[in-house]
Amino acid sequence: MRSRYNFDFLFIHSNTIADETRRTLKPQIMNARKIFAFLDKHFSMLEQKKKTHASNVKMMITARFINNMFAALLLIERGLLLDAFNSIRSGIEATAFYWLVCKDETTAGLYDAEKSPQPVEIRKRLEALGVDIETLHSLYAVTSKIAHVGNPYDQFQIRWEEGWDGKLLIGGGRSPDIQKALLEDMLRAVLWFVRFDDDYVITEGKGFPEIIDRP
């Protein structure tokens, strides 16, 4: 019996897909990698702030968000699209919680409570503070739908051939259009993450918005 899906085979296959993605989507990959320079700077800034419960929670959430983005990039490169959406959905959860602590530092206590609040509770608290969460809610709903097992999005792991014949992309596969869109979404995700952080100003001029340190 042929061993097509043992670890070594999958690892070699995954690295091959990643190499192809880095070559064909080089500009998007390079831009996505640049976000980690900003996140590194952001985390270092939080470390230098006066130690409070809120600042510690912000560091914890930021660490989780960085890991979400790092995992998403690695998975996107390898064409593991459904898994990449899971990482992005976790990043949206982290974003909502970060917004809440930015708007009301007393809510930092929710982070290390015995039972963590559900995403819907975080969104309701943000709404009560006057935050427009419609886009965030829509993004979370879409990524949650994709993350569930057994829906039309499961076809992201199929490469259709002639007729109804398809090939299951075990270990990932190239889907340039979707990969490109996800890499660009990563840039937007970082802009959203610090949207309500008082240390930054988000420009909304021509072209892609930028994050500027507040004077």
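The analysis underlying the following values was restricted to heavy atoms, covering all of them including side chains, and did not include hydrogens, waters or symmetry mates. From a predicted model like this one, the values you see are computed outputs, not experimental measurements.
Going from atom OH of Tyr200 over to atom CG of Asp197 covers 6.0 Å, rounded to the nearest 0.5 Å. For the atom pair OG1 (Thr95) and CG (Leu191), the distance works out to 11.0 Å, reported to the nearest 0.5 Å. Here OG1 of Thr21 is found 8.5 Å from CG of Leu183. Values are rounded to the nearest 0.5 Å. Here the straight-line distance linking atom OG of Ser87 with atom CE of Met186 works out to 9.5 Å at 0.5 Å rounding. To the nearest 0.5 angstrom, Thr143 atom OG1 is 8.0 Å from Phe85 atom CZ. A distance of 9.0 Å separates CG in Leu46 from NZ in Lys51, rounded to the nearest 0.5 Å.
The side-chain hydrogen bond (donor to acceptor under 3.5 Å, both in side chains) check on Thr106 picks up Asp104, with sequence neighbours excluded. Considering only residues two or more places apart in sequence or on other chains, Pro119 meets the side-chain contact (heavy atoms from CB on, under 4.5 Å) condition with Glu93, Arg123, Tyr140. Shown here are the side-chain hydrogen bond (donor to acceptor under 3.5 Å, both in side chains) partners of Tyr111, two or more places apart in sequence or in another chain: there are none.
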Before you tell me yes or no, could you show the steps for Thr52 and Glu105 under side chain to side chain donor-acceptor pair (under 3.5 Å), namely the whole-Å CA-CA distance, both residues' side-chain angles and the distance that decides it to 0.1 Å? CA-CA 10 Å; Thr52 65; Glu105 291 191 346; 5.2 Å; no

Evaluate the criterion salt bridge (charged side-chain N to carboxylate O under 4.0 Å, His left out) for residue pair Arg188 and Asp185; output intermediate values, then yes/no. CA-CA 5 Å; Arg188 298 183 181 89; Asp185 284 343; 3.2 Å; yes

So Phe38 and His42, side chain to side chain contact (heavy atoms under 4.5 Å, CB included) or not? Walk me through it. CA-CA 6 Å; Phe38 168 76; His42 173 62; 4.3 Å; yes

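Under the 3.5 Å distance criterion, the side-chain polar atoms of Ser175 are left unmatched by any main-chain donor or acceptor of Gly79.
Pro176 approaches Leu25 most closely through the heavy-atom pair O-CD1, 3.9 Å. Across Pro117 and Ile122, no two heavy atoms sit closer than the pair CG-CD1, 3.6 Å.
Hydrophobic clustering (ILVMFWY, side-chain heavy atoms < 4.5 Å, transitive): Leu187 and Phe36 are in one cluster. By the criterion of side-chain heavy atoms lying less than 4.5 angstrom apart, applied directly or through intervening Ile, Leu, Val, Met, Phe, Trp or Tyr residues, Leu80 is not grouped with Ile29; the two fall into different hydrophobic clusters. Linking ILVMFWY side-chain heavy atoms closer than 4.5 Å, directly or via other members, places Met45 and Val194 in a single hydrophobic cluster.
Applying the side chain to side chain contact (heavy atoms under 4.5 Å, CB included) test between Ile88 and each of Val142, Leu182, Leu139, Asp83 identifies Leu182 as the sole match.
Residue pairs meeting the side-chain hydrogen bond (donor to acceptor under 3.5 Å, both in side chains) criterion with at least one partner in residues 23-32, sequence neighbours excluded, are Thr24-Arg174.
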Solution key, residues 58-78 side-chain donor-acceptor pairs under 3.5 Å, sequence neighbours excluded:
| from | atom 1 | to | atom 2 | distance (Å) |
| --- | --- | --- | --- | --- |
| Thr62 | OG1 | Lys58 | O | 2.7 |
| Asn67 | ND2 | Ala63 | O | 3.4 |
| Asn68 | OD1 | Gly91 | N | 3.3 |
| Glu77 | OE1 | Arg22 | NE | 3.4 |
| Glu77 | OE1 | Arg22 | NH2 | 3.0 |
| Glu77 | OE2 | Arg22 | NE | 3.2 |
| Glu77 | OE2 | Arg33 | NH2 | 3.4 |
| Arg78 | NE | Ser14 | OG | 3.0 |
| Arg78 | NH1 | Leu74 | O | 3.4 |
| Arg78 | NH2 | Asn15 | OD1 | 3.3 |

Report, one line per pair, each donor and acceptor closer than 3.5 Å where one atom sits in a side chain of residues 128-138; sequence neighbours left out.
| from | atom 1 | to | atom 2 | distance (Å) |
| --- | --- | --- | --- | --- |
| Asp132 | OD1 | Glu134 | N | 3.1 |
| Ser138 | OG | Glu134 | O | 3.0 |

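Looking only at side-chain heavy atoms (C-beta outward), Ser55 and Lys50 stay at 4.5 Å or farther from each other. The closest side-chain heavy-atom distance from Leu110 to Phe97 is below 4.5 Å. Side-chain contact between Trp99 and Phe193: absent, with no pair of heavy atoms (C-beta onward) separated by less than 4.5 Å.
A side-chain donor-acceptor contact under 3.5 Å links His53 and Asp112.
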